Amino acid sequence: MKTALLTDTHTVKINDTERPEPAPHELLVEINACGVCTTDLHMYSGSLTIDYPLVPGHESAGEVAAVGDNVDDFRVGDRVAINPSVPCNECRACKSGRENLCHDLTSIGGAAKNIIDGAFAEYATVPIGNVERIGDLDYRTASFAEPLGCVINGIDQVDLTSGETVVVVGGGFIGQLLVQALRTSGAGTIVLSEPVAERREIGLEVGADHVVDPSDEDPTAVIPDLVGTVDVAIEAVGFPETITQALDLTGPGGRTLVFGVPPEDSMVELSPFDLFFEEREVVGSYSLTPNTFSRAVALLESGRIDVDTLVTDEFALEGLETAFEQMEAGKGLKKLVYPNR
Ligand SMILES: [Zn+2]
Ligand SMILES: [Zn+2]
């Protein structure tokens, strides 16, 4: 089978390897769609330290091609979405339903303590606990289950209640998915802050009520003028400056969510008095759980997430490197790879 192998920084090799056999509790899945994520880009560019060689790809869906000896519930031909996070199911975090915080997390192609080969390949083996059935959902839409599971986990962290005013800072792919999931979760007014005009347009199309251009006007000044008190601010970029901006945006009782991946050594200042006196919260969100993954599939099946508007580029496996180059140049939004096309 063909795989897209990272052999070094900025090097993707299309490799021909033996098709793997599923272990007793695993499925062999023919990968029909896999989203390209910023995490893949970080692995490609070297800004995330990994051991090469590695097959990346963790946002995938496909068809069951073989089942392990102890698998009763799945058959060849079943259509599934793949959750790349394999928890140990034994540690305290796992037992409390917070598998994303597992002390011994393994990821199929994603970032985690242990990383195994991912889904930029014609086939991948997956434990049965890591798939959700997708009915007749198309594979392109089903590949959104992983990022949407992360977004749902994020929204869970801020205890959103109906009608609350939310600001999303950053209109990249994740920011746009956040806007949509917030809309379906009952948010009132949604504001998107994003410097790229094209992305502001997309934001309005997928559910933002207002957009602001932070390179033109200070969001912390204009947004409260526009919508009044901000209940929730979600940072979806990962810069200390935009995290500070999100903190400054929220009013009394406000919650700030750090969703973008900040540099490991970055710091931000915050006022403990404001936290105390205005009962503010600052929370983080990392990855997804089996629960949020399953809810993501249900939400995609409901048809309430607009996938078409967010997918800008599609490739065969050989096009993965071009996808990375486009991402480095800031071109487009979501890119998908179809390893079996
Ligand atoms: Zn991802
Ligand atoms: Zn665990």
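Heads up: numbering here begins at 1 and tracks the sequence. Read the numbers this way: they start at 1 and go in the same order the structure lists the ligands and their atoms. Quantities reported herein were computed from a predicted structural model and do not represent experimental measurements.
Rounding to the nearest 10°, we obtain 110° for the angle at the Zn ion (ligand 1) between Cys37 SG and His58 NE2. The SG atom of Cys88 and the SG atom of Cys91 meet at the Zn ion (ligand 2) at an angle of about 110°, given to 10°.
Within the 2.8 Å limit, Glu146 places no N, O or S atom next to the Zn ion (ligand 1). Among the backbone and side-chain atoms of Cys150, none of the N, O or S atoms lies under 2.8 Å from the Zn ion (ligand 1). Between the Zn ion (ligand 2) and His103 there is no N/O/S contact shorter than 2.8 Å.
Between Arg255 and the choices Glu164, Gln157, Glu279, the side-chain hydrogen bond (donor to acceptor under 3.5 Å, both in side chains) rule is met once, by Glu164.
Taking the N/O/S atoms of Glu59 in turn, the shortest distance to the Zn ion (ligand 1) belongs to OE2.
No side-chain donor-acceptor contact under 3.5 Å links Thr289 and Asn291.
The aromatic rings of Phe120 and Phe324 sit perpendicular, their planes meeting at an angle over 60°, well past the 30° parallel limit.
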Q) Would Lys13 and Asp8 satisfy salt bridge (Lys or Arg N to Asp or Glu O under 4.0 Å), going step by step from the backbone distance to the final call? A) CA-CA 10 Å; Lys13 286 218 167 91; Asp8 203 342; over 6 Å; no
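A salt bridge does not link Arg79 to Asp136: none of the charged nitrogens lies less than 4.0 Å from a carboxylate oxygen.
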